Amino acid sequence: MTKRILKTDRRSLRLTLSYLAIIMVLCLGFSAIFYQATTGNLDLSLNSSGQASSKGTSDKGLSLQADGAGSSSVSLSGASSDLTHLDAQLRQQVQAIREGLLRRLAVFNLGALLTGTVVSYLLARRTLQPIEAAMEAQARFSSDASHELRTPLTALRARSEVTLRNPRLTLAEAKHTIKGNIEQVQKLEQITDGLLQLGNEDHRRLARHPVSLEEVANEAMNTVVTQAQEKHIIITETAPHVKVQADRQSLVQATTILLDNAIKYSDKGSTIYLEGTTEGSYGLLYVRDEGRGIDSSDLPHIFERFYRADASRSRQGHGLGLSIAQNLIERNNGRIGVESTVGKGSVFVIKLPLA
Ligand code: ADP
């Protein structure tokens with residue numbers, strides 16, 4: 001934990017410094033150009049005034065030669081010293097302006113450094129937050145996946161070791177062990193299939209066409225009919241012949257997952273309702289059951305990968321079904337939602353744009 005915080009801090013520090021470097025390069029560059037442009041203009045005025053003063057002196061010199069009078073010589077040196085004085089004053093003023101400008105630019109850059117640090121830090125945090133969240137989700141996913149894979153593997157190994165150590169192993173006992181091992185291997189297969197599907201689904205493009213909700217409901221129902229019969233569960237299908245814009249196969253798969261859950265989490269002899277309707281420009285497909293329901297504290301999490309509500313944590317599933325269903329529906333530009341009351345049942349709804 002501390003290691004991760006340190007890593008995060010180092011990352012945001014590095015990004016803050018990069019942003020600050022960009023801001024400061026821009027500010028210093030702007031200051032240099034501004035200083036150059038302003039003092040360049042001043043230098044130009046100074047040079048032209050210097051030329052004027054020296055030109056004025058030489059003009060007077062010419063008029064002195066023309067008149068040849070001593071008094072003229074006195075007024076010439078007076079004018080010349082006036083101009084030199086003026087020029088020196090001007091230079092002093094220009095120097096003062098230059099120093100003032102430098103001071104102001106230094107204050108401006110210091111201000112830019114301080115505000116730039118704050119802005120850079122906030123920007124860095126903003127940039128890193130979604131990246132960190134994605135990385136955290138990835139890490140959590142890997143750890144959950146390893147945990148889920150490890151459980152059946154440990155059971156497989158323990159069972160095999162105990163059987164192997166038994167010197168008076170009977171055929172019946174060996175068969176029992178092998179049967180148990182096959183069950184664990186099946187679990188592993190289900191988990192890896194789910195993981196593979198989640199991995200592929202993020203990338204595979206879906207071709208969407210008009211699909212009838214009624215046909216989707218029928219196809220999904222046919223897939224789970226044997227499971228339903230085993231538990232004496234009746235599925236009542238009344239979905240309308242409303243067409244939505246979706247990839248047929250993925251919509252059937254998502255509906256099958258919801259039906260499969262409804263069967264898994266309902267008691268023997270109950271009824272599951274597959275219904276549909278339209279709402280504005282959307283088609284809705286409901287899967288309603290009379291099962292155990294979902295606690296309100298679990299509801300916000302059931303679409304997360306590997307999440308299983310506590311009551312069913314025992315051996316019913318791996319917590320991947322609903323995240324696969326949600327992924328499929330969202331890739332069809334749809335939404336999936338749920339309402340549930342503990343002890344009364346749940347209703348899952350798939351909402352898709354009408355064709
Ligand atoms: P799982 O393979 O465990 O069923 P899901 O992702 O399909 O995984 O479901 C996540 C959890 O949501 C389940 O473990 C279960 O607790 C709860 N759940 C899903 N559907 C229902 C339902 N129809 N009735 C009651 N609980 C449900």
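Whatever order the structure lists ligands and atoms in, that order sets their numbers, starting from 1. The model shown is predicted, which means the values in this text are computed figures rather than measured ones.
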Would Tyr265 count as a polar contact of ligand 1, with the cut-off being nitrogen or oxygen pairs under 3.5 Å? yes
Heavy-atom pairs closer than 4.0 Å: do any link ligand 1 to the side chain of Tyr307, the backbone, both, or neither? backbone
Would you mind telling me if ligand 1 is within reach of the side chain of Ala309, the backbone, both or neither, using heavy atoms under 4.0 Å? both
Using a strict threshold of under 4.0 Å (side-chain N to carboxylate O), is an ion pair present between Glu161 and Arg157? yes
The atoms of ligand 1 lying under 4.0 Å from a heavy atom of Phe348, numbered in the order shown, are 20 (N), 23 (N)
For ligand 1, indicate whether the residue Leu322 contacts it via side chain, backbone, both or neither (heavy-atom separation under 4.0 Å). both
Within 4.0 Å of some non-hydrogen atom of Leu320, the atoms of ligand 1 are 6 (O), 8 (O)
Residues Glu148 and Arg308 bridged, charged N to O under 4.0 Å: yes
Is there a donor-acceptor contact under 3.5 Å linking the side chains of His176 and Glu173? no
Scan Ile263, Val347, Ile272 and name whichever one has a side-chain contact (heavy atoms from CB on, under 4.5 Å) with Asp289. Ile272
Looking at Lys264, which atoms of ligand 1 are within less than 4.0 Å of one of its heavy atoms? 1 (P), 2 (O), 4 (O)
Just which atoms of ligand 1 are under 4.0 Å from any heavy atom in His318? 1 (P), 2 (O), 3 (O)
Exercise: do Tyr19 and Thr127 side chains pair donor with acceptor under 3.5 Å: yes
Shortest reach to atom 12 (O) of ligand 1 by a heavy atom, considering only Ile302, Ile263, Ile294: Ile302
Hey, are Asp87 and Arg91 close enough for a salt bridge, meaning a charged N less than 4.0 Å from a carboxylate O? yes
For ligand 1, which atoms have a heavy atom of Ser346 less than 4.0 angstrom away? 24 (N)
Donor-acceptor pair, distance only, cut-off 3.5 Å: does the side chain of Asn332 make one with the backbone of Leu328? yes
Under 4.0 Å to a heavy atom of Gly321 - the qualifying atoms of ligand 1, by number: 5 (P), 6 (O), 7 (O), 8 (O)
Under 4.0 Å, heavy atoms only, figure out whether ligand 1 is touched by the backbone of Arg308, its side chain, both or neither. both
Which atom pair, heavy atoms only, marks the closest approach of Pro353 to Asn333? CD-O, 3.6 Å
